[in-house]
Amino acid sequence: MNQPVSQKLFFWTLVVISIITLSAPTLVVLGASLTSGNIIVFPPDGLSLKWYEALVEKQELQDAFIRSIWVAIICVFISLPTGTLAGIALTKYRLRKGALIQTYLLLPFTIPLIGSGIGLMLVFGEVGVLGSLWPVGVATAVINLPFMIWAVSSSATGLDPDLELAAQNCGAGPVQTFFYVTLPSVMPGIITGSLLMFILSLNEFLVSLLLVDARIVTLPVQVYNSIRSIITPDLAAVSVVFIAVAMLAIAVLDKLVGLEIFLKSK
Amino acid sequence: MNRIPAVSASNVCLQFGDVHAVKNVCFELEEGRFLTVLGPSGSGKTTLLRLIAGFQQPNKGEIFIKGQTVREVAPNKRSIGMVFQRLALFPHMTAAENVAFPLKMRRFDVRMIPDRVKKYLHLVRLEGLGGRRINELSGGQQQRVAIARALVFEPDLLLLDEPLAALDRKLREEMQLEFRRIQKELGVTTINVTHDQREALVVSDQIIVMDHGEIQQDATPLEIYRSPSNPFVANFVGVTNLFHGMLESLEGQKVAIRISQQRLIGTLKSEKLTLNQGVSVKAAVRAEQVRLFRGQSENRDCEVYFEGRVTDVIFEGERILYELSVAALSDALIRIIHHDQQDFSTFELGEVVFVGWKSRDMHVFVVD
């Protein structure tokens with residue numbers, strides 16, 4: 001309890017530095033978005049909400065935002081059943097070549113995004129579906145699937161194998177056992193994984209960049225395009241909206257399963 | 001009597017590679033009786049229970065419930081309720097939902113489910129707690145939910161897989177009696193698995209002692225205790241002194257054996273018809289049938305006695321456990337359970353006293 005002052009000072013300096021470093025990007029963007037001037041600067045040049053108002057008129061940003069949401073929804077729609085079943089199967093059954101399958105499923109994670117992006121671009125191009133929005137959703141689902149599998153597996157690892165036997169003993173057939181017992185037991189992992197997939201897909205830039213054309217840009221790509229022409233504070237404002245959506249997702253997560261479980265689920 | 005047993009097994013075997021988890025198990029259990037399968041961990045007792053529940057299939061042999069083989073019957077189609085070792089209650093359901101689950105799955109009339117759930121929560125004395133989630137209940141209350149869930153659909157057979165093992169002693173003894181009460185009240189045929197000999201003796205009508213996947217003895221609690229059929233049972237149930245010796249002569253059930261130069265008389269428990277002199281035997285004497293006394297004049301009824309030195313005195317509350325080293329038996333250690341209401345701690349550590357027993361209390365088994 002009676003630490004020397006120097007030790008205390010060192011400790012608190014570290015804490016303050018960490019907090020500043022971690023929150024700096026968010027704070028800078030937030031500050032910049034509130035500027036009343038016409039160029040993006042930090043600290044802001046006077047305070048106003050005019051750049052948020054400006055967002056309302058920026059049809060292309062709004063469209064891009066809605067497209068991003070669509071991509072994220074498609075991503076969850078695909079990865080939820082796939083990742084859930086894979087996660088449960090990998091934990092529950094000692095599969096033959098289980099380790100091999102596990103490595104294979106985690107592969108997207110180990111390949112540089114630009115690599116998988118180009119691969120997916122070639123595949124979708126070959127099939128002739130480039131130019132629609134749904135391949136972007138599929139692509140983000142594929143590259144982020146390991147997160148979903150991890151979230152579900154970590155929930156399933158804590159599952160008492162006797163629970164399913166108990167369900168059978170109660171008279172439940174295999175399908176009933178799955179829906180009444182197995183699925184509810186891994187629900188925290190499914191919720192965690194789905195929200196994670198949603199956020200990751202919403203934010204995905206590199207792969208989106210390779211798969212979209214001018215008609216279907218997603219929000220991160222739209223922001224990137226704008227930066228290349230003129231940097232106006234509305235980009236900061238849209239980033240803040242973006243951050244707000246991600247925070248909302250985390251708030252939902254906390255409400256549904258508790259942040260503690262989410263942090264523990266790796 | 002030509003009644004069909006509620007449960008029976010004939011030559012049931014389960015083998016994993018070279019390991020026999022369950023080997024040639026045969027037994028019969030009459031309807032309404034309480035059977036305990038007793039054995040150390042790894043004896044195959046839980047595996048046997050899982051075979052009966054249908055979670056595993058025997059390699060050989062048949063299990064019959066009410067005279068019908070259940071080989072082709074899936075676990076969810078068997079009329080068996082089970083209380084699991086770790087209870088396996090569904091954590092995302094309330095106590096009442098857990099109890100209602102088997103009724104829903106077994107397609108009972110929806111209108112009668114609430115009443116039935118209420119009746120069984122009452123039976124296990126959990127009235128008013130049905131709305132609680134599982135993690136809001138105490139260990140003992142969770143046990144009761146598990147019992148209610150296993151019984152609510154009125155199964156032909158109740159299986160208990162050491163559900164009391166994790167409880168502290170006082171709660172365990174309370175729940176043992178509770179199991180007994182509910183079992184008698186409903187008259188449901190029950191198979192209980194445990195490694196706790198006390199529990200087995202207290203609750204059962206019939207006990208099967210298992211070791212290495214094989215049945216060692218199948219008898220009433222009294223017979224198991226008074227008349228164990230082999231050294232394993234003698235040693236596993238109760239506190240027993242075992243001696244190795246050689247057969248000298250045999251006269252009816254009365255047998256003379258030699259243990260390190262001493263000739264002792266005992267009662268033969270093995271059913272061997274042709275016995276030769278020099279066959280090696282094991283002799284067992286229960287710790288509570290051994291007497292301690294200071295002078296020979298104090299000897300009441302011991303036909304065999306030796307001098308021994310007290311090497312340990314363990315006070316266990318209602319009794320004292322002594323350990324003596326007996327020079328005449330090559331310094332064999334003999335354990336004695338001493339109940340003396342008048343005068344506890346009669347014998348001191350290091351003291352030389354007499355230790356003896358009656359010949360009929362020494363059970364002699366032939367070692368194969």
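Below, chains carry the letters A, B, ... as their sequence lines are ordered, and counting in each starts from 1.
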Handout entry: Closest-packed option against chain B by number of heavy-atom pairs under 4.5 Å, given A:Leu165, A:Asp160, A:Leu163
Key = A:Leu165
Please check if atom [atom1] in [X] has more than 12 non-hydrogen atoms from other residues, nucleotides or ligands closer than 6.0 Å.
X	atom1	value
B:Glu62	CD	yes
B:Glu31	CD	no
B:Phe27	CZ	yes
B:His212	NE2	no

Exercise for the section: Determine which residues belonging to residues 240-249 of chain A lie within contact range of chain B, meaning some heavy atom pair is under 4.5 Å apart, and list them by number or answer 'none'. Expected result: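 Heavy-atom contacts from residues 240-249 of chain A to chain B are absent.
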Practice task
Determine which residues belonging to residues 168-183 of chain A lie within contact range of chain B, meaning some heavy atom pair is under 4.5 Å apart, and list them by number or answer 'none'.
Solution key: A:Gln168, A:Asn169, A:Cys170, A:Gly171, A:Ala172, A:Gly173, A:Gln176, A:Tyr180, A:Val181
Where on [X] is there a heavy atom nearer than 4.5 Å to chain A: the side chain, the backbone, both, or neither?
X	answer
B:Leu159	neither
B:Pro91	side chain
B:Phe84	side chain

Practice task
Tell me the residues of residues 105-128 of chain B whose non-hydrogen atoms fall below 4.5 Å from those of chain A, in number order.
Solution key: B:Met105, B:Arg106, B:Arg107
Practice task
Identify the residues of residues 39-61 of chain B whose heavy atoms come closer than 4.5 Å to a heavy atom of chain A, ordered by number, or report 'none'.
Solution key: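 Residues in range: B:Arg50, B:Phe55.
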Practice task
Calculate, to the nearest 0.5 Å, the distance between atoms CG and CZ belonging to A:Asp162 and B:Arg86 respectively.
Solution key: 5.0 Å
Exercise for the section: Heavy-atom pairs under 4.5 Å with chain A are the metric here; pick the option from B:Asp161, B:Leu103, B:Ile80, B:Val83 that has the most. Expected result: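 The answer is B:Ile80.
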